Amino acid sequence: QLFEQFIIPILIRIGEDWYNGKITVATEHFASSFIRARLMVIFQQLPLKKKGPRIVIGSAPEDLHEIGPLMMAILVREAGFVVEFIGPDTPLTDLAEYAVDAKINLIVLSATTVESANLLSGFQKALEKLKHTPVFAFGGSAFSFQPDLVKNTPGVYLGKTLTQSLEKIKALMQTLN
């Protein structure tokens, strides 16, 4: 509730104020960095679970927005899962290689732009070629604003909200245990 009712509306307002010229880029960056730093502290203070299916959460290639995936990583770790947060702008080839090496069970990527969402369209097929195929799930505002992107992105769509996404991840993890 804190994220959906407080932090996300603040982030939207900051973005709108920047877009409308009410605040500078420097102010927007400061506010975002402040929020990100506080969220990272929360993430790092949550207990580390070492056993169980492994989840990686980050942003799509060319997507520099990481606060949404960081909030998701917090919620998933708080729910008791093994979670690694990998941050923004994740190269898919590197991520696939890492998924094999680290025996990742679920990869969750967020896209806030149409361009970064389109880069995810072939990722499921690339993962299926691996010896160990992790489940690929995705979300982010790009999919909310352009629902056709969901149909064009093979994988599991997590939904429009953090709450929906968390419930979907919990259900996916039930099938992996």
Side-chain angles (χ1 to χ4, degrees), residues 1-23 25 27-29 31-36 38-40 42-43 55-79 81 83-92 95 104 106-127 134-175:
Q1 286 181 333
L2 171 68
F3 295 159
E4 290 181 346
Q5 294 178 5
F6 185 69
I7 293 178
I8 291 172
I10 287 173
L11 290 168
I12 290 170
R13 173 78 185 272
I14 290 167
E16 288 172 350
D17 284 355
W18 165 78
Y19 182 78
N20 293 319
K22 292 181 180 178
I23 63 172
V25 171
T27 302
E28 184 272 335
H29 283 193
S32 297
S33 293
F34 180 83
I35 292 169
R36 184 199 174 279
R38 297 293 179 216
L39 292 173
M40 190 56 83
I42 293 168
F43 180 73
I55 303 169
V56 168
I57 299 175
S59 299
E62 299 181 14
D63 198 317
L64 300 177
H65 295 88
E66 63 180 320
I67 294 176
L70 178 54
M71 287 188 288
M72 188 80 263
I74 290 168
L75 294 172
V76 174
R77 183 175 277 180
E78 186 178 54
F81 296 105
V83 179
E84 297 175 26
F85 175 68
I86 56 172
D89 190 17
T90 308
L92 297 179
L95 181 55
I104 300 300
L106 175 64
I107 297 172
V108 176
L109 294 177
S110 172
T112 58
T113 67
V114 171
E115 294 79 15
S116 62
N118 282 328
L119 293 172
L120 298 176
S121 64
F123 192 46
Q124 179 68 46
K125 284 187 181 181
L127 291 175
V135 174
F136 169 55
F138 61 91
S141 59
F143 299 99
S144 297
F145 294 125
Q146 297 224 354
D148 285 349
L149 290 170
V150 174
K151 292 184 284 188
N152 297 329
T153 308
V156 178
Y157 175 57
L158 295 174
K160 291 184 177 187
T161 67
L162 290 172
T163 301
Q164 290 172 348
S165 298
L166 179 59
E167 292 307 313
K168 195 81 141 229
I169 288 170
K170 286 178 181 179
L172 285 169
M173 298 313 285
Q174 290 281 325
T175 65

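These figures come from a predicted structure and were not determined experimentally.
Looking at Ser32, its side chain never comes within 3.5 Å of a backbone N or O of His29 through a donor-acceptor pair. Using modelled atom types, no side-chain atom of Glu115 and backbone atom of Glu62 make a donor-acceptor pair closer than 3.5 Å. Checked by atom type and distance alone, the side chain of Asp63 pairs as donor or acceptor with a backbone atom of Thr112 at under 3.5 Å. Side-chain atoms of Arg77 come within 3.5 Å of backbone atoms of Val83 as a donor-acceptor pair (strictly under, hydrogens ignored). Listed for the Ser59 side chain is a donor-acceptor partner under 3.5 Å among the backbone atoms of His65.
In this structure, Thr161 OG1 and Lys168 NZ are separated by 11.0 Å, a value rounded to the nearest 0.5 Å. Here the CD1-CZ distance, from Ile8 to Phe3, works out to 8.5 Å after rounding to the nearest 0.5 Å. Between atom CG of residue Leu166 and atom CD of residue Glu78 there is a gap of 9.0 Å, rounded to the nearest 0.5 Å. Between the OG atom in Ser141 and the CD1 atom in Ile12 there is a gap of 8.5 Å [rounded to 0.5 Å]. Going from atom CG of Leu127 over to atom CD1 of Ile104 covers 11.5 Å, rounded to the nearest 0.5 Å. Distance check, rounded to the nearest 0.5 Å: CD1 of Ile55 to CD1 of Ile57 gives 6.0 Å.
Val114 and Ala142 get closest at one heavy-atom pair: N-CB, 4.1 Å. Between Gly140 and Ser110, the closest heavy-atom pair is CA-OG, 3.7 Å. Of all heavy-atom pairs between Ser116 and Ala111, the closest is OG-CB, 3.5 Å. In plain terms, the two heavy atoms of Gly159 and Ser165 that are nearest each other are O-OG, 4.0 Å.
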(request) Go through Phe138 and Ile107 one step at a time and tell me if the side-chain contact (heavy atoms from CB on, under 4.5 Å) criterion holds. (result) CA-CA 8 Å; Phe138 61 91; Ile107 297 172; over 6 Å; no
(message) Applying side-chain contact (heavy atoms from CB on, under 4.5 Å) to Phe6 and Gln1, what does each step give before you reach the verdict?
(response) CA-CA 8 Å; Phe6 185 69; Gln1 286 181 333; over 6 Å; no
(request) Run the numbers on Arg13 and Glu16 for salt bridge (Lys or Arg N to Asp or Glu O under 4.0 Å), then give the verdict. (result) CA-CA 5 Å; Arg13 173 78 185 272; Glu16 288 172 350; 5.7 Å; no
(request) Start with the C-alpha gap between Leu39 and Ile7, add the side-chain angles, then the distance that decides, and say whether side-chain contact (heavy atoms from CB on, under 4.5 Å) holds. (result) CA-CA 10 Å; Leu39 292 173; Ile7 293 178; 4.1 Å; yes
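In this structure, the side chains of Val56 and Leu106 stay at 4.5 Å or more apart for every pair of heavy atoms. Here the side chains of Val76 and Val108 are not in contact, with every heavy-atom distance at 4.5 Å or above. Counting heavy atoms from C-beta on, the side chains of Met173 and Ile169 come closer than 4.5 Å. Side-chain contact check for Phe85 versus Glu66: some heavy-atom pair is nearer than 4.5 Å.
When the side chain to side chain contact (heavy atoms under 4.5 Å, CB included) test is applied to Lys160, the partners found at least two apart in sequence or on another chain are Ser144, Tyr157, Gln164. Among residues two or more places apart in sequence or in another chain, the side chain to side chain contact (heavy atoms under 4.5 Å, CB included) test is passed with Leu64 by Asp89.
The residue from Thr153, Val156, Leu95, Leu92 that alone fulfils the side-chain contact (heavy atoms from CB on, under 4.5 Å) condition with Phe136 is Thr153.
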Donor-acceptor contacts, no H, no angles, side chain residues 119-126, under 3.5 Å, sequence neighbours left out:
from   : atom 1 : to     : atom 2 : distance (Å)
Ser121 : OG     : Asn118 : O      : 3.0
Gln124 : NE2    : Glu128 : OE2    : 3.3

